[in-house]
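Below, chain A is the first sequence line, B the second, and so on; all start at residue 1. As the structure is a computational prediction, the values presented were derived from the model and not from experiment.
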2 protein chains.
Amino acid sequence: MIDLLSQMRFATKPQLFQALSEESLGVLLGHSFLQDVPANKLLLQQGDTASHLYLIAEGSLRTFRVDKEGREATIRMLQAGNTCMEAVMFMGGPSPINVQAVTPSRILFIPEKAVKAQVLADSQFATNLLRIVAHHYKNAMHQIDAMNIKSPVQRIGYYFLTRHIEAGHDHLDFELPFQKQQISNYLGITPETFSRALKQMKDLGIDVDNQTIKLRDAFSLCHFCDPDTAAMCPKQGSAGCTACKNS
Amino acid sequence: MIDLLSQMRFATKPQLFQALSEESLGVLLGHSFLQDVPANKLLLQQGDTASHLYLIAEGSLRTFRVDKEGREATIRMLQAGNTCMEAVMFMGGPSPINVQAVTPSRILFIPEKAVKAQVLADSQFATNLLRIVAHHYKNAMHQIDAMNIKSPVQRIGYYFLTRHIEAGHDHLDFELPFQKQQISNYLGITPETFSRALKQMKDLGIDVDNQTIKLRDAFSLCHFCDPDTAAMCPKQGSAGCTACKNS
DNA sequence: CGGAGGGTTGAGATTCATCAACGCGTGTGG
DNA sequence: CCACACGCGTTGATGAATCTCAACCCTCCG
């Protein structure tokens with residue numbers, strides 16, 4: 001049971017398990033199991049019912065929707081420590097999304113029944129789930145307004161900014177977590193447009209060499225900041241950030 | 001306290017209060033209050049902290065984001081019985097959205113503290129919130145793939161379809177719940193494009209006269225159906241629906 | 001009667017997707 | 001060890017689609 005956890009080496013504790021009691025954790029993991037999946041494996045398709053919650057131990061997944069013409073719209077890109085299907089379980093009805101491994105991955109499968117039972121039994125777990133789903137929803141909001149009103153350069157800039165803040169914000173260089181074509185689909189643009197936009201961003205002090213992003217200075221990305229993203233920024237309100245000064 | 005509820009005449013019980021005990025309901029309503037707000041009133045802005053959950057007793061609201069150039073992206077359009085800010089309260093940090101009355105409205109304000117306390121105290125309430133936020137997230141997913149891969153006609157068609165299913169699906173005529181310019185912004189297109197798309201839809205048996213939509217037959221909208229939307233459809237799998245037959 | 005707001009229609013400009021070709025690095029098999 | 005194919009990314013030319021700007025109609029209301 002509990003040694004399932006020790007098999008997974010997380011840098012930081014997954015949000016799903018935050019502040020849970022040993023007991024609660026035990027119940028959740030009681031019927032769970034780890035499984036290795038190869039790249040491109042479809043874990044679940046639109047229309048299936050969500051039988052398990054997926055927690056990524058290693059690797060990366062994406063969730064996406066497909067239409068009749070076969071075009072795909074990426075909803076999320078997820079890495080180790082992230083979870084998915086928590087929201088779908090509470091939507092009622094079949095899954096609106098596909099889930100696919102983008103790299104070879106090791107996934108923890110937690111049965112739907114265990115999740116739903118534990119929501120009723122442990123209010124801390126319920127709160128964790130609420131926070132996680134709310135967080136997904138917030139990201140979705142950003143995606144929506146990005147696709148409505150932002151140019152490709154702005155979308156990419158905002159994407160880089162959030163990655164930079166997540167990465168700790170302390171280096172001028174950081175890595176793209178996924179392939180460019182995956183990212184461009186997530187942002188709702190073609191790889192070609194993505195590539196062309198990157199060239200434009202050099203003038204703004206943002207240089208992309210292969211998978212690494214190189215910033216001219218720590219505030220190169222401030223240009224793309226939002227009021228509500230600024231609140232997450234360790235440098236918020238500091239003198240160098242032109243964007244923060246305005247707000 | 002409880003007679004706050006009697007002041008509000010809901011057609012169906014709001015999802016927020018579904019299956020709650022009298023006691024739990026009393027705690028929630030204990031510190032709540034009703035307030036009338038005029039059309040166009042901003043209840044809350046991006047960057048504010050969410051102090052209350054809003055439940056619409058009468059009227060309609062919209063939530064949206066604005067960028068520096070002043071362009072607006074509508075996230076949700078809500079009517080009587082709907083709630084908002086439940087998700088924002090669990091996001092941490094300031095609100096990523098503005099909330100505005102689109103018509104003169106009567107709103108029930110439920111304090112944030114009461115909500116968070118009740119989530120810990122009442123697992124039924126926590127489940128309700130999870131379901132609501134998951135439902136918002138599902139809608140957001142649909143918005144995302146609509147803006148990624150669907151043409152204006154398809155977006156509008158899907159919007160009409162969901163309204164039709166919500167409306168009970170039993171009439172060939174039904175009303176648009178909002179102004180066309182509000183709907184077009186919600187769908188991420190301009191009013192002009194919206195208007196032009198409506199003309200194209202006449203060929204598909206969908207006629208819009210002012211605020212009322214007139215369908216040639218009960219299956220005119222099936223063309224725009226998704227696998228996961230079909231599951232909500234009372235007519236699913238029936239002979240007349242070409243879309244359902246495929247799946 | 002006149003103004004304001006919502007909605008429609010038309011012409012033009014812009015932007016992004018599409019299609020096609022090519023460079024480059026990697027892995028594989030001869 | 002080399003040749004080749006493959007996947008990813010880039011670049012260029014083209015076209016289609018939507019946004020923008022502008023004018024107009026209609027209804028509602030003072």
Side-chain angles (χ1 to χ4, degrees), chain A residues 38-40 60 62 67 69-74 77 100-104 143 145-157 159-160 175-202 206-214, chain B residues 38-40 60 62 67 69-74 77 100-104 145-157 159 175-202 206-214:
Chain A
N40 301 318
S60 49
R62 74 181 184 119
D67 71 357
E69 284 87 48
R71 285 173 302 190
E72 303 181 350
T74 301
M77 305 284 311
Q100 182 182 35
V102 304
T103 59
Q143 259 179 289
D145 93 323
M147 302 202 291
N148 257 327
I149 59 184
K150 289 198 171 65
S151 71
V153 172
Q154 288 174 306
R155 292 186 215 180
I156 297 170
Y159 182 78
F160 285 1
E175 299 287 312
L176 286 178
F178 305 103
Q179 288 184 165
K180 291 181 183 175
Q181 56 177 350
Q182 304 283 6
I183 296 175
S184 47
N185 186 285
Y186 171 73
L187 297 174
I189 55 184
T190 59
E192 293 95 325
T193 305
F194 186 84
S195 174
R196 286 185 248 265
L198 289 185
K199 283 202 293 188
Q200 292 181 47
M201 297 178 77
K202 282 182 185 166
I206 300 152
D207 209 332
V208 178
D209 174 24
N210 229 340
Q211 290 290 106
T212 84
I213 303 171
K214 299 175 178 173
Chain B
N40 300 318
S60 49
R62 73 181 185 119
D67 70 356
E69 285 89 48
R71 285 173 300 191
E72 304 181 351
T74 300
M77 306 283 311
Q100 184 181 35
V102 304
T103 59
D145 93 324
M147 303 202 290
N148 257 329
I149 57 184
K150 289 200 171 66
S151 72
V153 173
Q154 288 173 306
R155 291 185 215 180
I156 298 170
Y159 181 78
E175 298 288 311
L176 286 178
F178 305 103
Q179 289 184 163
K180 292 181 183 173
Q181 55 178 350
Q182 304 282 6
I183 297 174
S184 48
N185 186 284
Y186 171 75
L187 297 174
I189 55 184
T190 58
E192 293 95 325
T193 305
F194 186 84
S195 174
R196 285 186 250 263
L198 288 186
K199 282 203 293 187
Q200 292 180 47
M201 297 179 76
K202 283 183 185 168
I206 300 152
D207 208 331
V208 178
D209 173 24
N210 228 339
Q211 291 290 107
T212 85
I213 304 171
K214 299 174 179 174

_Non-hydrogen side-chain atoms of A:Met201 and A:Phe160 separated by less than 4.5 Å_ = yes
*Go through the steps for B:Lys150 and A:Asp67 under the test salt bridge (charged side-chain N to carboxylate O under 4.0 Å, His left out), then give the verdict.*
CA-CA 8 Å; B:Lys150 289 200 171 66; A:Asp67 71 357; 5.6 Å; no
_Check: A:Met147 and B:Asn148 side chains under 4.5 Å, non-hydrogen atoms_ = yes
*asked:* When you measure only distances, ignoring hydrogens and angles, does the side chain of B:Arg196 come within 3.5 Å of the base of C:dG7 through a donor and an acceptor?
replied: no
*State, with a plain yes or no, whether a side-chain heavy atom of A:Ile156 is found less than 4.5 Å away from one of A:Ile189.*
yes
*Distance in angstrom units between A:Asn148 CG and C:dC16 P, rounded*: 14 Å
*Rounding to a whole Å, what distance do you find between B:Met147:CE and C:dA17:P?*
14 Å
*Is any side-chain N or O of A:Thr190 closer than 4.0 Å to OP1 or OP2 of C:dA17?*
yes
*Which whole-number value in Å describes the distance from B:Met201 CE to C:dT8 P?*
13 Å
*Separation of D:dT20 P from A:Ile149 CD1 (nearest whole Å)*: 11 Å
Atom pairs under 3.5 Å: protein N/O with N/O of nucleotides 6-10 of chain D:
{"from": "D:dC8", "atom 1": "OP1", "to": "A:Gln181", "atom 2": "NE2", "distance (Å)": "3.4"}
{"from": "D:dC8", "atom 1": "OP2", "to": "A:Gln181", "atom 2": "NE2", "distance (Å)": "3.4"}
{"from": "D:dC8", "atom 1": "O5'", "to": "A:Gln181", "atom 2": "NE2", "distance (Å)": "3.3"}
{"from": "D:dG9", "atom 1": "OP1", "to": "A:Lys180", "atom 2": "N", "distance (Å)": "3.1"}
{"from": "D:dG9", "atom 1": "OP2", "to": "A:Gln181", "atom 2": "N", "distance (Å)": "3.2"}
{"from": "D:dT10", "atom 1": "OP1", "to": "A:Lys180", "atom 2": "NZ", "distance (Å)": "3.0"}
{"from": "D:dT10", "atom 1": "OP2", "to": "A:Ser195", "atom 2": "OG", "distance (Å)": "3.4"}
{"from": "D:dT10", "atom 1": "O5'", "to": "A:Ser195", "atom 2": "OG", "distance (Å)": "3.1"}

_Just the rounded figure in Å: distance from C1' of C:dT15 to CZ of A:Arg155._
11 Å
*asked:* Measuring only between side-chain heavy atoms, which start at C-beta, is B:Tyr159 closer than 4.5 Å to B:Tyr186?
replied: yes
*Grab the CG-C1' distance between A:Leu187 and C:dC16 for me, whole Å please.*
15 Å
_Output the rounded distance in Å from CG (A:Asn185) to C1' (C:dT18)._
16 Å
*B:Lys214 atom NZ, neighbour heavy-atom count above 12 within 6.0 Å*: no
_What is the separation between atom CD on B:Gln154 and atom P on D:dT18, rounded to the nearest whole Å?_
10 Å
